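This report concerns only the one structure given below.
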Number of protein chains: 2
Amino acid sequence: MESIDTELAAKIRNDILVGNYDGGERLSEAQLCETHNVSRTPVRLALRLLEREGVIRRGEGRGYLVQSPSVEDIRQAVEVRGHLESLAARLMAQNPSRFDHLNNLKQAIEQIESAISELTKLGRLDDGITRQAQAANETFHSTILQACGNDYVGYTCEQISHLPMLAVGSMVFDRSVGDTPDHFERGMFRLRMGNAQHRVICDAIEKGDPVRAEGMMREHSHTMVEYIQTFEKQNESLTVADLIAYSTGHNEKKLP
Amino acid sequence: MESIDTELAAKIRNDILVGNYDGGERLSEAQLCETHNVSRTPVRLALRLLEREGVIRRGEGRGYLVQSPSVEDIRQAVEVRGHLESLAARLMAQNPSRFDHLNNLKQAIEQIESAISELTKLGRLDDGITRQAQAANETFHSTILQACGNDYVGYTCEQISHLPMLAVGSMVFDRSVGDTPDHFERGMFRLRMGNAQHRVICDAIEKGDPVRAEGMMREHSHTMVEYIQTFEKQNESLTVADLIAYSTGHNEKKLP
DNA sequence: ACAGGATCTTTAGGATCCCAAATCTGGGAA
DNA sequence: TTCCCAGATTTGGGATCCTAAAGATCCTGT
C-alpha cells in the first residue's frame, strides 16, 4: 500500500473521470480535506500529482479547475499510445535480444486462443475468462514495451495510463446492450482478429521485420480507436464513465 | 514565477543531470532542506515531482535514490519524442484546419533561412543568431504539435521535455572542439539540411500528404539521434552534462 | 565471541499553524 | 446610482510539530 496521497489522488481522479465533478468546477484544498477526512498535506501532494497528470489545472488566481477529459480526449490518448506501441514493436523487431522474450509473446497468444475457445464453447461472455484473456493481452503488450530496448517508450506510455482504456493491454468488451448473440459474435470476432494480429506481430518480430511489426501494431492499436468511434455512433451521448464500464484493464481496480 | 517547489525541483533536477550526485546516491529530505534553505514541505512536493519525472526513484525502505539518466537514456528519449513528432506531422497533414497554421511554419522556415545566411556571411557561430534560429525552430516544431489536433501528442512530449535536448525544438550545435572552420561547415550543413527537411514537411502538410509528412519528420527527428551517436564516437566518455552544453533549448534557462 | 533482541536514532508521512496574496464585500464619495 | 477603495475573509504556500516505522547500535545471554 502506498501512502495516503497516492490513493487520495486515485480517488479524486476517479471522481473526476466518473463525472462526479462538473467540468471546470473549482476544487479547494480545504473542501477535499473535509470530504476525505485527511489533512491538507496529502491533499496538496495529490493535487500536484493530478495537475501533472492533466486532469486538473491551476486556475488564474487560486484554486484548481477540474479538467475532465472528454471521450475525444480518450480517443486521442489511445491514438498516442498506439503510436508508441508501434514504435516499440519496430524497436523490438530490431533488437538482437528479442528472442529472450518471444516465448512470453507466444504464451500470451496461446492463452488468448484458449480463452477464445472456451468462450466460444460457452456461447456467452464469462467474466473470469475475459479476465484471463485481458491478463494475457496485457502480458503481450507490456512484454513488447519492455523488450523493445527503449525504456522511455514504456515510461511515456505510463504517463497517460491513468486514463480509462489506457492501461497497457486494456481490452474492450461491448457490454452496452446486454448479451445479445449478435453482440457476442461481434465481440468474438474482434478477439479472434486481435489475436491474429498478435500472431503477425510476433512473427514479424521473430523474423526481424521492423516495418511489418510496426505496421501491424499500428493497425492493431487502431482497432481500439475504431471501437470508440463505433460506441460514439451507437450512443450519441457517450460519456467517459461509459468507456470505463466497457473497458477492462489493470487500472480498473481504482474504479469501484 | 512559480512556487518554490517547482524551482526547487528544477534545481535538484539540474544537480542530478549535471552530475552533482553520484548515480544511486540516497538523498534525504532533511539534507535537501539544509542545502536549499527551505522547509520540508516544498522539498517533499519537489521530490514527488521528480519521482514522477523518473530522475529519482523510491528506495526500498526509505529515502530516494537518484536515477541519473545516461547518454543512452537521452538518446532513447529523443527517439521517442521524434516518433511522437512524426505522428503529429501525419495528423496535421490530415487535419482540415491545418491551413490556419501553415503561415507559422513558413515564417519559421524563412527565419531559419535568414539566420543561415547571416551565419554564412559571418563565417562563425554567433550566439545571438543561433538563438534566433533556435527560437524559429521551436516555433516550427511546437506549431506542428499544437496544430495536429491531438492534444495528447504535445502533452506526452512535455512529459519528457525536462531532460536535456528534449525541449521541443531544441537544436544542437557542436561546440566540443572550438570554432574550427571544419566544424563550422558541418554545423552549417546540418542547419541547411534541417531546414530543407522543414520545407518538405511543410509542403507535405500543405498538400495533405500524411505519409510523406510523417516520413520526413521521422527522418528529420532522426538527425538528433545521429548527432548524439556522432558525439559518442568523437568522445568516448561523453556525459549528459556535455550534451547539455551542446544543446540549445528553452529549458536551458534552468541550467546555470 | 557471537547471535539475537531491545533500544536508540534517523527519517518520512501526516497534522497543524502561520502568513501572504487574492477575492469578496461593504461603505463612502462623486 | 455607480464606482472605487479599504477591510474582511477565503485560500494556498511554507514552516513546524508529532508520530510511526525502518535502520543502526548496543547490550545481554549463551
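Predicted model only: the values in this text are computed from it and were never measured. To find a chain, count down the sequence lines: A is the first, B the second, and so on, and within it residues start at 1.
- Spacing between atom CD of B:E34 and atom P of C:dA12 amounts to 13 Å, rounded to whole angstrom units.
- One finds no side-chain N or O of A:R44 lying less than 4.0 angstrom from the OP1 or OP2 phosphate oxygen of C:dG13.
- In this structure, the side chain of B:E29 does not engage the main chain of B:R40 through any donor-acceptor pair within 3.5 Å.
- Residue A:D5 has its side chain nearest to C:dG14 when only C:dG14, C:dG13, D:dG14 are considered.
- The side chain of B:P42 lies closest to D:dA15, out of D:dG12, C:dG13, D:dA15.
- B:I4 has its CD1 atom 13 Å from the C1' atom of D:dG12, to the nearest Å.
- Here the nucleotide nearest the side chain of A:R48, chosen from C:dG13, D:dG13, C:dA15, is D:dG13.
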Table please: side-chain donor-acceptor pairs of residues 99-111 of chain B below 3.5 Å, with sequence neighbours left out.
| from | atom 1 | to | atom 2 | distance (Å) |
| --- | --- | --- | --- | --- |
| B:K106 | NZ | B:E206 | OE1 | 3.3 |
| B:K106 | NZ | B:E206 | OE2 | 3.2 |
| B:E110 | OE2 | B:R199 | NH1 | 3.3 |

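- Rounding to whole angstrom units, CZ of residue B:R58 and C1' of C:dA12 are separated by 9 Å.
- In the set C:dA15, C:dA12, C:dG14, C:dA15 carries the atom at the smallest distance from any side-chain atom of A:V38.
- Taking 4.5 Å as the limit, every side-chain heavy atom of A:V153 sits out of range of all side-chain heavy atoms of B:H83.
- Rounded to whole Å, the distance from CZ on B:R40 to C1' on C:dT11 is 7 Å.
- Under the 3.5 Å distance criterion, the side-chain polar atoms of A:N137 are matched with a main-chain donor or acceptor of A:G169.
- Taking atom CG of B:L27 as the reference point, atom P of C:dT10 lies 19 Å away to the nearest angstrom.
- Between D:dG12, C:dA12, D:dA15, one nucleotide has an atom nearer to the side chain of B:S39 than all others, and that is D:dA15.
- Atom pair A:R26:CZ and C:dA22:C1' shows a separation of 10 Å (rounding to whole Å applied).
- The distance between atom OH of A:Y64 and atom C1' of D:dG12, rounded to the nearest whole Å, is 8 Å.
- Among the heavy atoms of the strands lying under 4.0 Å from A:T41 is at least one base atom, whether or not backbone atoms are also near.
- Summarising the geometry, the separation between CG on B:N37 and P on D:dA15 is reported as 10 Å, rounded to the nearest angstrom.
- Scanning all heavy atoms of the two residues, the minimum distance from A:M224 to A:S170 falls at CE-O, 3.2 Å.
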